[in-house]
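In what follows, a structure is listed as structure tokens, so that the remarks can point back to it.
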Amino acid sequence: MTAYESIIYETPAEKVARIVVNRPEKRNAQSFRLLYELNKAFDAAAQDDAISVIILAASGPDFSSGHDLSDTDRRQALADFDTVGTWCGFGCAGAEGRMAAEAEMYLGLSERWRNIPKPTIAEVQGRCIAGGMQLIWPCDLIIAAEDASFKINPIEMGVCCAEFFHEPWELGVRKAKEMLFTADFFSAQEAHRLGMVNHVVPAEKLTSFTLELASRIAEKQLFALKLAKEAVNGAQDLQGRAASLKLGFSYHQLCHSHNQEVFGFPADMTLMKRYRGGQTK
Ligand code: ZN
């Protein structure tokens with residue numbers, strides 16, 4: 001992969017890298033290329049000793065509308081990019097190929113970014129939907145504009161939860177269930193109240209507030225920052241987060257397989273909407 005097409009990489013302040021998802025005409029839908037450019041940019045920031053803090057931002061009115069569903073040729077895509085996992089077999093038929101591709105691109109990349117030892121901060125404006133959550137949840141801190149709103153809607157596609165199953169850790173178990181069951185939008189203020197968002201700021205101050213926070217963190221000793229992150233992430237993993245990721249991912253794959261078996265591929269959405277279990281008519 002050569003130059004970036006779907007992201008911008010910049011260094012707006014000393015020790016701070018800022019990665020901007022840049023497909024505003026597509027509401028920053030995540031094409032396969034965008035995901036691997038993002039991964040490359042995260043790697044560049046992680047490998048640069050002059051960088052201490054990484055900001056993830058997005059251009060345009062909305063942060064991200066989720067996965068780009070027009071991108072379907074996973075076999076070709078994963079041949080073009082430097083993959084990061086060991087599942088492989090992305091072109092295999094049925095659940096084998098789909099699970100491998102989603103383990104690589106969705107669960108695998110998000111978990112990889114969650115484990116970058118340097119502090120990461122997401123700055124979020126407008127709508128952040130479905131796969132968009134899998135870009136911001138891996139970040140250590142989330143700053144939201146007052147106009148930001150969030151939606152976790154796999155249930156509308158007949159799927160139980162995100163590939164990167166972080167809902168209970170982000171929202172608490174009771175609200176995680178409500179957001180999954182209803183697929184309703186929830187506001188920046190609600191996300192803040194639930195602890196998913198660190199700060200809510202006026203939209204016009206989003207970038208400056210995030211950069212100022214990043215710069216203040218970047219003044220601290222990097223090794224201590226890395227270990228602070230490792231300690232908190234490790235505490236979360238000791239509570240079972242890493243194991244529960246596999247559980248959620250497995251159920252997610254079961255839903256895909258069920259839907260393909262019952263509704264075909266691409267799914268007959270009219271049939272899916274009528275479906276109430278057992279009966280397809
Ligand atoms: Zn999926």
Side-chain angles (χ1 to χ4, degrees), residues 21 23 26-36 38-39 63-81 83-114 127-138 150-171 176-177 179-183 241-269 271-273 275:
V21 175
R23 292 184 86 204
K26 299 274 186 186
R27 300 287 174 184
N28 296 317
Q30 298 155 39
S31 62
F32 298 153
R33 165 167 281 277
L34 185 148
L35 289 170
Y36 281 93
L38 208 45
N39 188 60
F63 185 87
S64 176
S65 57
H67 296 144
D68 187 340
L69 300 179
S70 65
D71 233 354
T72 52
D73 190 350
R74 61 184 184 232
R75 186 204 303 251
Q76 182 59 44
L78 291 168
D80 289 345
F81 305 128
T83 52
V84 300
T86 50
W87 267 95
C88 306
F90 307 120
C92 292
E96 186 176 2
R98 181 175 53 238
M99 182 171 176
E102 296 203 345
E104 160 67 30
M105 286 192 289
Y106 303 149
L107 172 58
L109 288 177
S110 289
E111 180 68 350
R112 189 166 191 273
W113 303 333
R114 184 257 187 188
R127 288 168 291 186
C128 182
I129 300 172
M133 308 303 281
Q134 303 189 138
L135 298 187
I136 64 170
W137 283 341
F150 306 91
K151 182 177 169 79
I152 306 164
N153 63 335
I155 211 94
E156 291 178 335
M157 290 158 270
V159 178
C160 56
C161 59
E163 287 96 354
F164 180 67
F165 176 54
H166 243 231
E167 289 89 336
W169 304 95
E170 303 289 344
L171 303 167
K177 288 175 194 168
M179 300 316 181
L180 284 169
F181 293 169
T182 65
R241 187 204 66 98
S244 77
L245 269 191
K246 290 200 170 187
L247 181 77
F249 183 72
S250 304
Y251 290 158
H252 179 105
Q253 295 306 316
L254 178 61
C255 288
H256 279 321
S257 293
H258 173 76
N259 290 335
Q260 186 153 359
E261 204 172 310
V262 178
F263 308 112
F265 183 82
D268 181 333
M269 293 304 286
L271 203 59
M272 191 187 282
K273 280 184 182 146
Y275 181 69

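Every number for a ligand or one of its atoms is a count from 1 in the order of the listing. Positions are given from 1, in the same order as the sequence printed here. Just so you know, these numbers use all the heavy atoms, side chains as well, and skip hydrogens, waters and symmetry mates.
- The atom of E163 nearest to the Zn ion (ligand 1) is OE2, with the search restricted to N, O or S atoms.
- Shortest non-hydrogen contact noted between M99 and F249 is O-CZ, 3.7 Å.
- Counting only N and O atoms by type, the side chains of H252 and E102 include a donor and acceptor under 3.5 Å apart.
- With hydrogens and angles disregarded, no donor-acceptor distance shorter than 3.5 Å links the side chain of H67 to the backbone of G131.
- Restricting H252 to its N, O or S atoms, the one at the least distance from the Zn ion (ligand 1) is NE2.
- The Zn ion (ligand 1) is closest to atom NE2 of H256 (considering only N, O or S atoms).
- When the salt bridge (charged side-chain N to carboxylate O under 4.0 Å, His left out) test is applied to D71, no partner is found at least two apart in sequence or on another chain.
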